[in-house]
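Each remark here refers to the structure printed beneath this line.
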Amino acid sequence: MIKTYILDTNVLLHNPNALFSFEDNNVILPDVVIDELDNHKRDKGEVGANARATSRYLDRMREDDKNGNLLDGYKMDNGGTLRIEMNCVDTKMPLSWKDTPDLRILRVCRGLLEKTKDKESIILVSNDSYVRIKASILGITAEEFLTERAPSAEDLYQGRRTGYTNNENINILYKKGIIDLEKIIYFDEDGEEITLPPLTLNEYILIKGLENEKQSALTIFDGKQLKLLEDTEYCPFDVIPKNVGQRFSVDALRRNTDEAPLVIIKGPAGTGKTLLALAVGLQKVVEEHEYRKILYLRGNTKLDEDIGFLPGTEEEKMEWALRPVRDNLEVIFGGIDKNETMAPPKKFKEYDYKYKMSSEDLLKDKCDEIFDRGYISIEAIAHMRGRSIAGNYVIIDEAQNLTPKQVRTLISRASKDTKIVLMGDPYQIDHPFLDFRTNGLCFAADRMAGSEKAFQVSFIDEECERSELSLEVSKRMGDKY
């Protein structure tokens, strides 16, 4: 059955290629969509770029008279047709609804619905939930544009799971370093044995003993069997992993670029995502000299954000975004006794100069030195287009506030000797047009699951290490949906 898809403007502002995403079916653009696209073509950033890209697609079709025209139907390469709908102006709508662009789109849907016998063939595609609700009131089938949607929270790839085996098998695992999959069993929350989907390449498994759960092992699936993790005592810059999620994260972060060029870490606040990424990055840059520097990017510094009007240099304009980095550097370099003083530099000794610094001064000096030496730098995401990032350890923090297109843009900047760490909490989204299923972090987690180049770890609430209060808030006030 040939279907007719009516596209809302927000679909094309999200992805211009939606025009070609409905195979050999009919695609209809209400004339008001053209007006709305025109209104957005001068917008800054991704919205404006997508409006302009859509107009270029439509203009090419307008000029190509061999495949029809936009009013009667243009034949696309995928076998479908595209048409701009100018009719349906006399279709009656509820009198209480205001005359808005959304109403005009719904009027086209209702007009087409009244002209066909097969009601299910008319489908409105919109990312606006209120428009979909109104469509349902009118008896119109409405769907989201799902091409760039991640699965629901329950189905999204987590990168880890917990299995059980007898304690003897765990002893053998520690001797041989491997264990067969059929020796691992899984249980649900009620303690009933269950069958889970097959393991994904590079998925982490915590194996616990059936007789004694305190006896356990950390493993990873290599595509055939489970391998015991190596060097689980690795403590980057003397930061000690405190739980299973942190140990899994450190394992993924410490692997070299050839093995793990992309690491995706999801989790609530207080689980140590930024702390661990910075600690491993400093270890790799300062101690092991594997990368030139750490490049820190924040998701709420959007690709379309213009910082040109702010005073100062780019570093000064971006100083506010470095606050989480400084906070975590203080944790890494902290622990100084309040009575400790810095030894006087050699050049001052001959003058018997009393050179003393408080613990806070020492801490500030250590953090400042990291930036002064260029070990860590920050740039506006808006400046990343067209660049090639070589030899960097790149941390993309708050990635839940980026769109899938923005995440693709950033990851594609990396050269073969650069490592990308994508982090965030998909339940704390500040972007007004993104949700759990449409943000770049979850989209990347879904699409990169099973890639031999990607390692993923998801923290659970119980692994919050910031404070007991932070854990309690996460449990009681978390935005889970």
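Start at 1 with the first residue, then count along the sequence.
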Say you draw a straight line from [atom1] of [X] to [atom2] of [Y]; how long is it, rounded to the nearest 0.5 Å?
{"X": "Ser121", "Y": "Ile2", "atom1": "OG", "atom2": "CD1", "answer": "10.0 Å"}
{"X": "Leu206", "Y": "Leu218", "atom1": "CG", "atom2": "CG", "answer": "6.0 Å"}
{"X": "Lys119", "Y": "Thr141", "atom1": "NZ", "atom2": "OG1", "answer": "11.0 Å"}
{"X": "Gln246", "Y": "Thr271", "atom1": "CD", "atom2": "OG1", "answer": "7.5 Å"}
{"X": "Leu103", "Y": "Arg110", "atom1": "CG", "atom2": "CZ", "answer": "10.0 Å"}
{"X": "Leu13", "Y": "Glu36", "atom1": "CG", "atom2": "CD", "answer": "8.0 Å"}

Original post:
Should the pair Phe187 and Tyr164 be assigned to parallel (<30°), tilted (30 to 60°) or perpendicular (>60°) ring geometry?
Top reply: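 Geometry flag for Tyr164 against Phe187: perpendicular rings.
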**OP:** Could you label the plane-to-plane angle of the Phe20 and Tyr57 rings as parallel, tilted or perpendicular, counting under 30° as parallel and over 60° as perpendicular?
**Re:**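 It falls in the perpendicular class, over 60°.
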Should the heavy atoms of other residues, nucleotides or ligands under 6.0 Å from [atom1] of [X] be counted, would the total exceed 12?
{"X": "Asp155", "atom1": "CG", "value": "yes"}
{"X": "Glu120", "atom1": "CD", "value": "no"}
{"X": "Glu63", "atom1": "CD", "value": "yes"}
{"X": "Lys224", "atom1": "NZ", "value": "no"}
{"X": "Glu288", "atom1": "CD", "value": "yes"}
{"X": "Asp77", "atom1": "CG", "value": "no"}
{"X": "Lys293", "atom1": "NZ", "value": "yes"}

Report yes if some heavy atom in the side chain of [X] is under 4.5 Å from a heavy atom in the side chain of [Y]; otherwise report no.
{"X": "Ile105", "Y": "Thr9", "result": "yes"}
{"X": "Val244", "Y": "Thr162", "result": "no"}
{"X": "Asp425", "Y": "Phe459", "result": "no"}
{"X": "Ile378", "Y": "Ile376", "result": "no"}
{"X": "Phe436", "Y": "Cys442", "result": "yes"}
{"X": "Leu29", "Y": "Leu58", "result": "yes"}
{"X": "Arg298", "Y": "Pro324", "result": "yes"}
{"X": "Asn401", "Y": "Ile429", "result": "yes"}

Subject >> Listed partners of Phe443 passing ring-ring contact (aromatic ring centres under 6.0 Å, His included), at least two apart >> reply: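 ring-ring contact (aromatic ring centres under 6.0 Å, His included) check on Phe443 returns nothing, list empty.
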**OP:** Go through the structure and list residues passing ring-ring contact (aromatic ring centres under 6.0 Å, His included) with Phe371, not counting sequence neighbours.
**Re:**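 In terms of ring-ring contact (aromatic ring centres under 6.0 Å, His included), with neighbours along the sequence ignored, Phe371 is linked to no residue.
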Looking at every non-hydrogen atom in both residues, tell me the closest pair between [X] and [Y] and how far apart they are.
{"X": "Ile179", "Y": "Gln225", "value": "O-CB, 3.7 Å"}
{"X": "Met423", "Y": "Ala277", "value": "SD-CB, 3.7 Å"}
{"X": "Phe22", "Y": "Ala18", "value": "CE1-O, 3.1 Å"}
{"X": "Glu259", "Y": "Phe455", "value": "O-CE1, 3.5 Å"}
{"X": "Ile184", "Y": "Gly163", "value": "CG2-CA, 3.7 Å"}
{"X": "Leu7", "Y": "Pro30", "value": "O-CD, 3.7 Å"}

Taking [X] for its side chain and [Y] for its backbone only, find out whether a donor-acceptor pair lies under 3.5 Å.
{"X": "Lys273", "Y": "Lys266", "result": "no"}
{"X": "Gln158", "Y": "Leu156", "result": "yes"}
{"X": "Tyr393", "Y": "Leu282", "result": "no"}
{"X": "Thr81", "Y": "Tyr74", "result": "no"}
{"X": "Asp102", "Y": "Val131", "result": "no"}
{"X": "Thr200", "Y": "Glu203", "result": "no"}
{"X": "Lys419", "Y": "Ala260", "result": "yes"}
{"X": "Glu463", "Y": "Ile460", "result": "yes"}
{"X": "Glu193", "Y": "Ile185", "result": "no"}
{"X": "Asn127", "Y": "Phe145", "result": "yes"}

Under a 3.5 Å threshold, yes or no: a donor from one side chain and an acceptor from the other, between [X] and [Y]?
{"X": "Asn243", "Y": "Glu465", "answer": "yes"}
{"X": "Asp8", "Y": "Asn10", "answer": "yes"}
{"X": "Thr274", "Y": "Asn328", "answer": "no"}
{"X": "Asp118", "Y": "Thr116", "answer": "no"}
{"X": "Ser21", "Y": "Tyr5", "answer": "no"}
{"X": "Glu85", "Y": "Asn87", "answer": "yes"}

Original post:
Between Asp251 and Arg247, is there a salt bridge with N-O shorter than 4.0 Å?
Top reply: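 Judged by the 4.0 Å cut-off on N to carboxylate O distance, Arg247 and Asp251 do not form a salt bridge.
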Original post:
Is any side-chain N of the basic residue among Asp38 and Lys41 closer than 4.0 Å to the acidic one's carboxylate O?
Top reply: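 A salt bridge links Asp38 with Lys41.
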**OP:** Could you note down all residue pairs passing side-chain hydrogen bond (donor to acceptor under 3.5 Å, both in side chains) where residues 438-453 supplies at least one of them, sequence neighbours left out?
**Re:**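 For residues 438-453, and leaving out neighbouring residues, the side-chain hydrogen bond (donor to acceptor under 3.5 Å, both in side chains) pairs sorted by first residue read Asp435-Thr438.
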**OP:** Just do the salt bridge (charged side-chain N to carboxylate O under 4.0 Å, His left out) check on Arg62 and Asp59 with the steps written out, would you?
**Re:** CA-CA 5 Å; Arg62 179 189 62 81; Asp59 201 38; 2.8 Å; yes
